[in-house]
*Asks:* 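Below are the structure tokens for one structure; questions will follow.
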Amino acid sequence: MDCKKIEKKWQDIWDSKEVFKAITGSEKPKYYILVEFPYPSGSGLHVGHVRSYTALDAYARCMRMKGYNVLFPMGWDAFGAPAEQYAIKNHIHPSVAVKENIKTFKNQIKSLGISFDWSREFATTDPEYYKWTQWQFLKFYENGMAYKAKKDINWCPNCKMGLSNEDAAGGVCERCGTKVVQKEKEQWMLRMSDYSESLIEGLKDTHFADKIKLGQINWIGKSVGAEVNFKVKIDGIPSDEVITVYTTRCDTLFGATFMVLAPEHPLLEKLSNKIKNIDEVRDYQKYAKEKSTFERTELTKEKTGVKLQGIVGINPVNGEDVEIWIGDYVMMGYGTGAIMAVPAHDTRDYEFAQKYNIPIIQVLEETTGTPADNEFKKNSIVAVVYDPKKDKYLTINWHNLGGRLFIGGTIKDGETPLECAIREIKEETGYTDLKLEYITPLINHHYYAYNKDKYFNINSTGLYFTLNSETLEDTNLDDDEKFTVEWVSKDEVLQDITDELHKKTFEYIMTPGAMVGDGIHINSGFLDGLNKEDAINKMIEFLESKGLGKRQVNYRLQDWIFSRQRFWGEPIPLVYCEHCGWVPVPYDELPVLLPDVAEYEPTDDGESPLAKIESWVNTKCPKCGGKARRETDTMPNWAGSSWYFLRYMDPRNDKCFASPEALKYWGKVDWYNGGMEHTTRHLLYARFWNQFLYNIGLVPNSEPIDIRVSHGMILGSNNEKMSKSKGNVVNPDDIVREYGADTLRVYEMFIGDYEKDAAWSVESLRGCKRFLDRVERLQNKLNDQKGYSDEAIANKTIKKVTYDLANMKYNTVVSSLMILTGAYEKLPSITKDDYRLLLVLLNPIAPHITEELNEANNLGDLICNSSWPTYDEEKTIDDKITIGVQVNGKLRGSIEIEKDEEEESVLNKAKTSENVVKHLEGKEIIKTIVVPNKIVNIVVK
RNA sequence: GCUCGUAUGGCGAAAUUGGUAGACGCGAUAGACUCAAAAUCUGUUUUCUAUAUAGAAGUUUCGGUUCAAGUCCGAAUACGAGCACCA
């Protein structure tokens, strides 16, 4: 069969009959299927595009046959840096290259037979489209949602462009990989952070995959905590100055021994004449500013800071002085730009305190063991001695009296934990030449002492020593202390030491640092004895009642930096007038068109190339008619894609972005497919944009998308991402030419789990070609009978294909159709109904060949105009079923039964089946389980 | 570091609610057709023991629940993704 010819033939038929046209307002139920529109790059369509387009095409075709009015549109996200750079290099207008690329893309997609409704096609670069993007921006502006702010922005010195935090992820420019630097610039911002909560809440109205919801929630980064006010003492005298910190752990306030301000914190300027070491502070500020955000956030980096001289804070709960530091591990952009530092219970504060010798106060104690009534309290130690020469730990083995332990003991009156530990080590083992490495946090341990028949609750200190030399002195043991002293390896420690306290102590010793877990509070005044959660609530209550702080929610999500210093983007429709300030371009003057010039260069000072085009920049103020200049920044790439799904509903409307009727009829996108890389940023922007339009009454739904799924990537045959440099790129055109579009489509559906990455395989592709050839050959064995030759497999296959198509299990759709084909091959002949069924079920995935075979054999109407086959649940199970028989859960045979056969009779067959008999011989049957039509299990003794 | 995900033959993978693990495809291999090759068709193909009937082991590892676990629970390891000094 000549694939090329028949593919073209059917594509033309579909086109001329407009079978894929969506009718706004049709009586049929609507269904909106959307696949992310591509950026039409110069390199053409990628086989990855083919995967998602085919998948959604298959679903769209199936839904049409099921009687839905399906909207399945396609367009072009055509603003973007590559087109601009190409244009600069070749001195042409970017729109020229974009037109060319779109043409290529469109031809490629058409050659695949994807059932897009091309009558709704548009590009974000069409003035008729970006007119409405600008219009909507003005709505943001009008509603106070857009503002200009001086921002330290991420600046790419290579692209000469400001980047959003998202675009500069990892500290490098997303486009060119150049290291991003900080630059101060006036930027248009959208108040996206106002929507933090509603973007989290709105997820409840969607059916996104859990991992996508989670990704969005993490990105928004909600945290619940408290703001706490610390009064400031200047030169030892309490002042009116207050530093407000944000913390999620206000329960540890009693352990706050210092505070850290971000280097940019405004208080530093305000109190510059009070800070004695202000020069040192200024140096540090300069040092911090020179580093990019990325460097500042690199975890491997050692913490740095400067202690402020002359001012200290006052801990609001105990009145103690707390040192004030500045340090670049505190960010101005999050919380209040100031923290209280609790080194005992925060890893970063701990590091900082260690480096600068700041006191560490433990206020939370982990608990082990089980509490009991009538406990006796005492303080004790657990000493771990390590011999670096032998790489072994000192333990004492109580054998059957208590197993292996470290050295432990009770602290006597007037003794410090260290003195106690040294005494106990000497008494029990004789070693004296020790070096103390460190002391762990206290552990609160409950236990029962058999020898004393008492319950104890102890505060235990862990001490870690290394052995300097083997110097031994006499031990001092009571007669009843029957143990042996043993040096053991780390593995033995982990294996043998089971006592909870000793185990936990060893854990602390192996991983020294802050105690960040839960426990009970100590050294914390009114919080003592409470756990973390209760203590947080009680502390907030306290702070609020005394006016010292309040409950506070913070989000990581920042406002959206909406300006780009680029040519190839939607111009921001505002003009600046010296008299009137920023004035919006009147709605009836939109769109603000990009100038039609082929020569422009990005500027070195960070202005948009548009700034140099005087004829474009200079304009009249719409308000006073005076001289004014246009805003020369353009919108980011994300703008056009934030609402394109609405435009598809009514793409040719020149009165509004989409008519209320169309918006109401099509409602939400029912099924939205895209790449995993867009599940945070693009999806959040689109949801934010839509929520805003909803709030001002312009769209009928707050959430624009119901189901969102994402596809895995197609990798090269070497399992790596396809790239020219690796030479593993597969061009879909080549595959279509050699194997046909249907083969490519079947293969990409069969390749594996749709949501996972999959590597390209030519062999497997050929297998799919073979499958289609087998389907074609079936036409030679048609008979004149009616109905299905095998009701069970027909019904089973309809059920499976229908279910799997709606659940993105495309690989098993193909495999069950292969099974059906195999079944037909085994029959001497098949009916036309048999064949037609296979072709209809296969049609969504291989539309050309199935239509052709259907027509050539006079099987019925065009498949694309037919209805989807239905199945009868009753008939999906064969009349005779083979089921397994287990004895004690092990498979020992299989029996053939009638569908829904009586349990008793099934059991009889099972018990008498040949191999099973052997396993039942001489055994007593305790229990039998018969799962109807599935399995029999006989339990014997 | 935190969050999430994944782990099944030589390979891509199936197994919808716990119910005959490895469907389907690739590759390999034996055979048929052919002068021959290609194409096609028919076997075999988780591993081990065995001539076979059959038996044992087996879904990363360890432990648990259950008549029954790839599937549920707990822990560990590895890989992948996202976030990353977020207080």
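To find a chain, count down the sequence lines: A is the first, B the second, and so on, and within it residues start at 1. Keep in mind that the numbers below use all heavy atoms, side chains included, and drop hydrogens, waters and symmetry copies. Computed from a prediction, not measured in an experiment: that's the story for all the values here.
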*Asks:* Would you call A:Glu197-A:Lys222 a salt bridge at under 4.0 Å N-O?
*Replies:*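 Counted as a salt bridge, because a side-chain N and a carboxylate O are separated by less than 4.0 Å.
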*Asks:* Whether A:Asp757 and A:Lys721 form a salt bridge (side-chain N of Lys/Arg under 4.0 Å from carboxylate O of Asp/Glu) is what I want to check.
*Replies:* no
*Asks:* Can you work out whether A:Lys799 or A:Tyr246 has the more 5'-proximal nearest nucleotide on RNA chain B?
*Replies:* A:Lys799
*Asks:* Heavy atoms under 4.0 Å, any strand shown: does A:Gly767 hit a base, just sugar-phosphate, or nothing?
*Replies:*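 Since only primed, P, OP1 and OP2 atoms lie under 4.0 Å of A:Gly767, the category is sugar-phosphate.
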*Asks:* By the 4.0 Å heavy-atom rule, please label A:Val931 as base, sugar-phosphate, or nothing.
*Replies:*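 Result for A:Val931 = base.
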*Asks:* Looking at B:rG82, B:rA54, B:rA23, which one has an atom nearest to any side-chain atom of A:Asn915?
*Replies:*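 Ranking B:rG82, B:rA54, B:rA23 by closest atom to the A:Asn915 side chain puts B:rA54 first.
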*Asks:* Have a look at A:Ile819 and say if it touches a base, only the backbone sugar-phosphate, or nothing, with a 4.0 Å heavy-atom cut-off.
*Replies:* sugar-phosphate
*Asks:* Answer yes or no: does a side-chain N or O of A:Thr679 lie under 4.0 Å from OP1 or OP2 of B:rG82?
*Replies:* no
*Asks:* Write down the distance between NZ (A:Lys303) and C1' (B:rG1), rounded to a whole number of angstrom.
*Replies:* 11 Å
*Asks:* Between A:Phe352 and A:Phe258, does the ring centre distance come in under 6.0 Å?
*Replies:* yes
*Asks:* Take A:Tyr803 and A:Ser816 through the test side chain to side chain donor-acceptor pair (under 3.5 Å) and record every step on the way to the result.
*Replies:* CA-CA 12 Å; A:Tyr803 178 89; A:Ser816 58; over 6 Å; no
*Asks:* Rounding to a whole Å, what distance do you find between A:Leu684:CG and B:rG82:C1'?
*Replies:* 13 Å
*Asks:* Give the rounded distance in Å between these two atoms: CG of A:Leu715 and P of B:rG12.
*Replies:*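 The distance from CG of A:Leu715 to P of B:rG12 comes to 12 Å, rounded to the nearest Å.
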*Asks:* Give me the distance, rounded to whole Å, that separates B:rA78 from B:rA69 when you measure between the P atoms they each carry.
*Replies:* 28 Å
*Asks:* Partner of B:rC26 by Watson-Crick or G-U wobble geometry, both contacts under 3.5 Å, or none?
*Replies:*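 Pairing partner: B:rG10.
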*Asks:* Hey, which of A:Tyr754, A:Phe750, A:Tyr59 is the one that makes ring-ring contact (aromatic ring centres under 6.0 Å, His included) with A:Tyr810?
*Replies:*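 Of all the options given, the one that passes is A:Tyr754.
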*Asks:* Say we look at B:rC48 and B:rA39: how far apart would their P atoms be, to the nearest angstrom?
*Replies:*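 Result for the P pair: 30 Å, nearest Å.
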*Asks:* Is there a side-chain contact between A:Asn811 and the phosphate of B:rA23, meaning an N or O under 4.0 Å from OP1 or OP2?
*Replies:* no
*Asks:* Against A:Arg249, only a single residue in A:Asp251, A:Thr252, A:Thr247 fulfils side-chain hydrogen bond (donor to acceptor under 3.5 Å, both in side chains); can you say which?
*Replies:* A:Asp251
*Asks:* Using a 4.0 Å heavy-atom cut-off, does A:Asp210 contact any base of the nucleic acid, only the sugar-phosphate backbone, or nothing at all?
*Replies:*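 Contact class for A:Asp210: none.
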*Asks:* Which whole-number value in Å describes the distance from A:Asn933 CG to B:rU16 P?
*Replies:* 17 Å
*Asks:* Determine the contact category for A:Asp753: base if any of its heavy atoms lies under 4.0 Å from a base atom, sugar-phosphate if only primed atoms, P, OP1 or OP2 are that close, otherwise nothing.
*Replies:*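 A:Asp753: backbone/sugar contact only, no base atoms under 4.0 Å.
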*Asks:* Do side-chain atoms of A:Ser913 reach the backbone of A:Ile895 as a donor and acceptor pair under 3.5 angstrom?
*Replies:* no
*Asks:* According to the Watson-Crick and G-U wobble definitions, with both distances under 3.5 Å, which nucleotide is paired to B:rA75?
*Replies:* B:rU61
*Asks:* State whether A:Lys800 places a side-chain N or O below 4.0 Å from either non-bridging phosphate oxygen (OP1 or OP2) of B:rA23.
*Replies:* no
*Asks:* Between A:Arg892 and A:Ile938, does the side-chain contact (heavy atoms from CB on, under 4.5 Å) criterion hold? Intermediate values first, please.
*Replies:* CA-CA 10 Å; A:Arg892 295 302 181 189; A:Ile938 303 168; over 6 Å; no
*Asks:* As a test of reading the structure: which of B:rU20, B:rC67, B:rC85 is closest to the side chain of A:Asp328, going by heavy atoms?
*Replies:* B:rC85
*Asks:* Please report the distance separating the P of B:rU17 from the corresponding atom of B:rU6, rounded so that it comes out in whole Å.
*Replies:* 15 Å
*Asks:* I'd like the P distance from B:rU60 over to B:rG70, given in whole Å.
*Replies:*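 Nearest-Å result for B:rG70 against B:rU60 at atom P: 10 Å.
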*Asks:* Are any of A:Tyr334's side-chain N or O atoms less than 4.0 Å away from OP1 or OP2 of B:rA87?
*Replies:*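 Yes.
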*Asks:* Give the rounded distance in Å between these two atoms: NZ of A:Lys927 and P of B:rU66.
*Replies:* 10 Å
*Asks:* What nucleic acid atoms does A:Ser761 come within less than 4.0 Å of, heavy atoms only: base, sugar-phosphate, or nothing?
*Replies:* nothing
*Asks:* Which whole-number value in Å describes the distance from A:Tyr754 OH to B:rG12 C1'?
*Replies:* 18 Å
*Asks:* Just checking A:His919: base, sugar-phosphate only, or nothing, at a heavy-atom cut-off of under 4.0 Å?
*Replies:*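 The residue A:His919 makes sugar-phosphate contact but no base contact.
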*Asks:* Between A:Leu891 and A:Thr247, just flag the one whose closest nucleotide in RNA chain B comes earlier from the 5' side.
*Replies:* A:Leu891
*Asks:* If only side-chain N and O atoms of A:Arg770 are considered, is one of them under 4.0 Å from the OP1 or OP2 phosphate oxygen of B:rG27?
*Replies:* yes
*Asks:* When all nucleic acid strands are considered with a 4.0 Å heavy-atom cut-off, which category describes A:Asn554: base, sugar-phosphate, or nothing?
*Replies:*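 No contact.
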*Asks:* Can a salt bridge be assigned to the pair A:Lys504 and A:Glu507 using a cut-off of 4.0 Å between side-chain N and carboxylate O?
*Replies:* yes
*Asks:* Contact class for A:Ser894 vs. all strands (heavy atom < 4.0 Å): base, sugar-phosphate, or nothing?
*Replies:* nothing
*Asks:* Is the backbone N or O of A:Arg51 less than 3.5 Å from a side-chain atom of A:His711, with the two atoms forming a donor-acceptor pair by type?
*Replies:*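 Checking the backbone N and O of A:Arg51 against the side chain of A:His711, no donor-acceptor pair under 3.5 Å is found.
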*Asks:* A:Ile935 side chain: which of B:rU6, B:rA54, B:rU20 is closest?
*Replies:*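 Out of B:rU6, B:rA54, B:rU20, the nucleotide with an atom closest to A:Ile935's side chain is B:rU20.
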*Asks:* Tell me what A:Tyr803 touches on the nucleic acid: a base, only sugar-phosphate, or nothing, going by heavy atoms under 4.0 Å.
*Replies:*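 Base contact.
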*Asks:* Both distances under 3.5 Å, Watson-Crick or G-U wobble: report the partner of B:rA38, or none.
*Replies:* none
*Asks:* In terms of side-chain heavy atoms of A:Arg774, which of B:rG82, B:rA87, B:rG25 is nearest?
*Replies:*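 Nearest to the side-chain atoms of A:Arg774, counting from C-beta on, is B:rG25.
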*Asks:* Would you mind classifying the nucleic acid contact of A:Ile883 as base, sugar-phosphate or nothing, using non-hydrogen atoms under 4.0 angstrom?
*Replies:*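 Base contact.
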*Asks:* Heavy atoms only, 4.0 Å cut-off, all strands: where does A:Arg766 land among base, sugar-phosphate and nothing?
*Replies:* nothing
*Asks:* Taking any heavy-atom pair under 4.0 Å as a contact, classify A:Lys890: base, sugar-phosphate, or nothing.
*Replies:*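 Result for A:Lys890 = sugar-phosphate.
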*Asks:* Rounded to whole Å, please give me the gap between CZ in A:Arg556 and P in B:rC85.
*Replies:* 9 Å
*Asks:* Which of these nucleotides, B:rC4, B:rA87, B:rA23, is closest to any side-chain atom of A:Ser223?
*Replies:* B:rA87
*Asks:* Ignoring the backbone of A:Leu214, work out which of B:rC85, B:rA14, B:rC4 is nearest its side chain.
*Replies:* B:rC4
*Asks:* Please determine, for B:rG80, whether a Watson-Crick or G-U wobble partner exists with both distances under 3.5 Å, and give it or none.
*Replies:* B:rC4
*Asks:* Expressed as a whole number of angstroms, how long is the span from A:Asp804:CG to B:rA14:C1'?
*Replies:* 10 Å
*Asks:* Checking all strands, does A:Gln886 fall into the base, sugar-phosphate, or nothing category for heavy-atom contacts under 4.0 angstrom?
*Replies:* base
*Asks:* What's the closest nucleotide to the A:Lys934 side chain, out of B:rU17, B:rA15, B:rC4?
*Replies:*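 Looking only at side-chain atoms, A:Lys934 lies closest to B:rU17.
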*Asks:* Taking the C1' atom of each, how far is B:rU61 from B:rC79, in whole Å?
*Replies:*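 My reading of the C1' atoms in B:rU61 and B:rC79 gives 15 Å.
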*Asks:* Counting side-chain heavy atoms from CB outward, which of B:rG25, B:rU40, B:rC83 is closest to A:Ser764?
*Replies:*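 Between B:rG25, B:rU40, B:rC83, the one nearest the side chain of A:Ser764 would be B:rG25.
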*Asks:* Kindly point out which of B:rU16, B:rC26, B:rC67 is positioned nearest to the side chain of A:Glu763?
*Replies:* B:rC26
